[in-house]
Amino acid sequence: MDRKRIGILTSGGDCPGLNAVLRAASRAAENLGWELIGFHDGFEGLLAPDEFTVLDRKATSGIMHLGGTMIGTVNRGQFVKRGGARQPSFIPAEILGKTRQTFQNLGLHALIVVGGDGSLNTALQLHKAGLPVVGVPKTIDNDLEATAMTFGFDSAVECVASSLDRLHTTASSHKRVMVLEVMGRHAGWIALHGGLAGGADIILIPEIPFDFEKITQEILRRDRVGAKCTMVVVAEGATPKSGRQSRHHTASGENRLGGIGEIVGREIGERTGKEVRTCVLGHLQRGGAPTMLDRILGTTFGVKAVQLIAEGKFGSMVSFNNYETHDVPIAQAVHKPRRVDPNSQIVKMARAVEIVFGD
Ligand code: F6P
């Protein structure tokens, strides 16, 4: 039998379900008589070709329920060079040359890249440079085009909803307004689904700019009808109609989303005179065990990625639509982010159960 060697790497922010992908890809590869090796720390591992881990059945046994990724990840590194303001990033020629060398030295038949939009963009560039690559979509934000769902999202939603359950009991005991800031970058999926599942009263998402006055009126209305508390979920990318996204400037020069929860909480307190508490859920949404759905999605995606290699469908990505896996060109997944449509059924349904978006 032709014993092929294929590689896999996990890149960008980690998320629950990555280990399920590794385990499934390992088994699918072994069933074809192939060897799977895992490069460490995302694309960087391609530059340290002696340090890979052989992902055989033994190495990947008992990992499906673990959060994170057993082979590590990074979300910045030598594969991304900024081409200047508004210019797409690119892989420097020297790094591309070293990657080609790694493929040759290791006799690599193909590479599976498990990542979000940035990492899939890098995968696309490798493919365009002639390297045999397939993609597996990953992000808690669920903001990738060409797939209805990514693994990691359900675990993040579960974290938001169960946190709301906890916050609810303390908020109603004290008759407070509770503001919960959640992740999601420029998309409101986590806030919308987590808020719906956790019984939020107000959900603020980037796709629907909000008005502080509308939020104030809703809280005062709820007071008048005897509501014990008001639960507000704010996506980190949510934007007031009269303002801009809130960002933290870090010492390393990064410009990270965050801080809108505190702003919303302060405004509500000042405008309503009510007691308000704010909670930022942060990386709790990315950590811990994957939900059952994410274990199944991760497993399905891992198997499909190996199948795509067997079929020679390089430059394609696993996608999930109508409860089935398919393949799409990676280019289709990264051309623009998938965001919540303010006129979609789910937003209308949320409004029908009296959720207020502050617009
Ligand atoms: O893309 C996933 C995500 O968790 C976003 O929701 C969030 O804005 C970002 O990554 C946080 O990144 P980091 O782990 O680098 O702080």
Side-chain angles (χ1 to χ4, degrees), residues 7-18 21 38-47 68-69 71-93 95-96 98-99 111-129 131 133-147 149-153 156 183-190 206 235-237 245 247-248 250 252-258 283 285-286 298 301 305 314-319 328-339:
I8 191 165
L9 59 85
T10 52
S11 172
D14 72 325
C15 82
L18 284 168
V21 178
F39 292 99
H40 297 176
D41 304 331
F43 289 100
E44 298 299 292
L46 295 169
L47 307 177
T69 161
I71 52 174
T73 185
V74 287
N75 46 9
R76 267 158 216 91
Q78 301 174 69
F79 281 73
V80 180
K81 186 142 171 74
R82 298 271 163 231
R86 298 186 186 280
Q87 292 300 311
S89 59
F90 65 94
I91 307 173
I95 299 298
L96 194 54
K98 285 185 180 169
T99 305
L111 176 69
I112 301 170
V113 173
V114 190
D117 60 346
S119 309
L120 289 169
N121 233 312
T122 302
L124 182 60
Q125 290 174 60
L126 292 179
H127 167 67
K128 285 183 176 163
L131 294 170
V133 175
V134 301
V136 171
K138 165 244 61 157
T139 164
I140 64 164
D141 304 330
N142 209 26
D143 61 351
L144 279 174
E145 274 283 333
T147 185
M149 210 189 262
T150 52
F151 62 89
F153 172 62
M183 285 183 167
R185 292 200 302 180
H186 305 293
W189 297 110
I190 296 178
E236 63 182 354
Q245 276 183 332
R247 290 178 173 275
H248 296 300
T250 66
S252 57
E254 280 178 62
N255 205 357
R256 286 197 203 128
L257 280 172
H283 288 79
Q285 293 158 97
R286 287 230 308 253
F301 284 16
F314 301 120
S316 64
M317 180 193 90
V318 177
S319 80
V328 291
I330 297 177
Q332 207 172 308
V334 297
H335 81 287
K336 70 172 169 47
R338 195 172 72 89
R339 304 180 74 207

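The model shown is predicted, which means the values in this text are computed figures rather than measured ones.
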Taking all atoms of both residues into account, what is the closest heavy-atom pair of [X] and [Y], and its distance?
| X | Y | result |
| --- | --- | --- |
| A123 | I330 | CB-CD1, 4.2 Å |
| P137 | V318 | CD-O, 3.1 Å |
| Q125 | F90 | OE1-CA, 3.2 Å |
| G68 | D14 | CA-OD2, 3.6 Å |
| W189 | D141 | CD1-O, 3.5 Å |

Decide yes or no for [X] and [Y]: does some side-chain heavy atom of the first lie under 4.5 Å from some side-chain heavy atom of the second?
| X | Y | value |
| --- | --- | --- |
| P16 | I140 | yes |
| R286 | M183 | yes |
| R185 | D117 | yes |
| H186 | L257 | yes |
| L126 | T99 | yes |
| L120 | L144 | yes |
| F79 | L46 | yes |
| E44 | F39 | no |

If you round to the nearest 0.5 Å, how far is CE of M149 from CG of N142?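 Between N142 CG and M149 CE, I get 6.5 Å after rounding to 0.5 Å.
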Quick check for you: to the nearest 0.5 Å, what is the distance between Q285 atom CD and E236 atom CD?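 Spacing of CD (Q285) from CD (E236) equals 8.0 Å.
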Between F153 and T139, does the side chain to side chain contact (heavy atoms under 4.5 Å, CB included) criterion hold? Intermediate values first, please. CA-CA 7 Å; F153 172 62; T139 164; over 6 Å; no
In chain order, what residues pass the side-chain hydrogen bond (donor to acceptor under 3.5 Å, both in side chains) check against K81, with sequence neighbours excluded?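 K81 satisfies side-chain hydrogen bond (donor to acceptor under 3.5 Å, both in side chains) with no residue once adjacent residues are dropped.
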I'd like to know if the side chain of K128 reaches the main chain of G315, judged simply by a donor and an acceptor atom lying under 3.5 Å from each other, with no hydrogens or angles considered. no
Measure from the side-chain N and O atoms of S11 to the backbone N and O of G115, and report whether any donor-acceptor pair falls under 3.5 Å.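 Not a single qualifying donor-acceptor pair exists.
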Please name the residue in the list T10, V136, T73, I71 that meets the side-chain contact (heavy atoms from CB on, under 4.5 Å) test with L18.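 With L18 as partner, T10, V136, T73, I71 yield a single side-chain contact (heavy atoms from CB on, under 4.5 Å), made by T10.
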Could you check F314 against V134 for side chain to side chain contact (heavy atoms under 4.5 Å, CB included), going step by step and ending with a plain yes or no? CA-CA 5 Å; F314 301 120; V134 301; 4.1 Å; yes
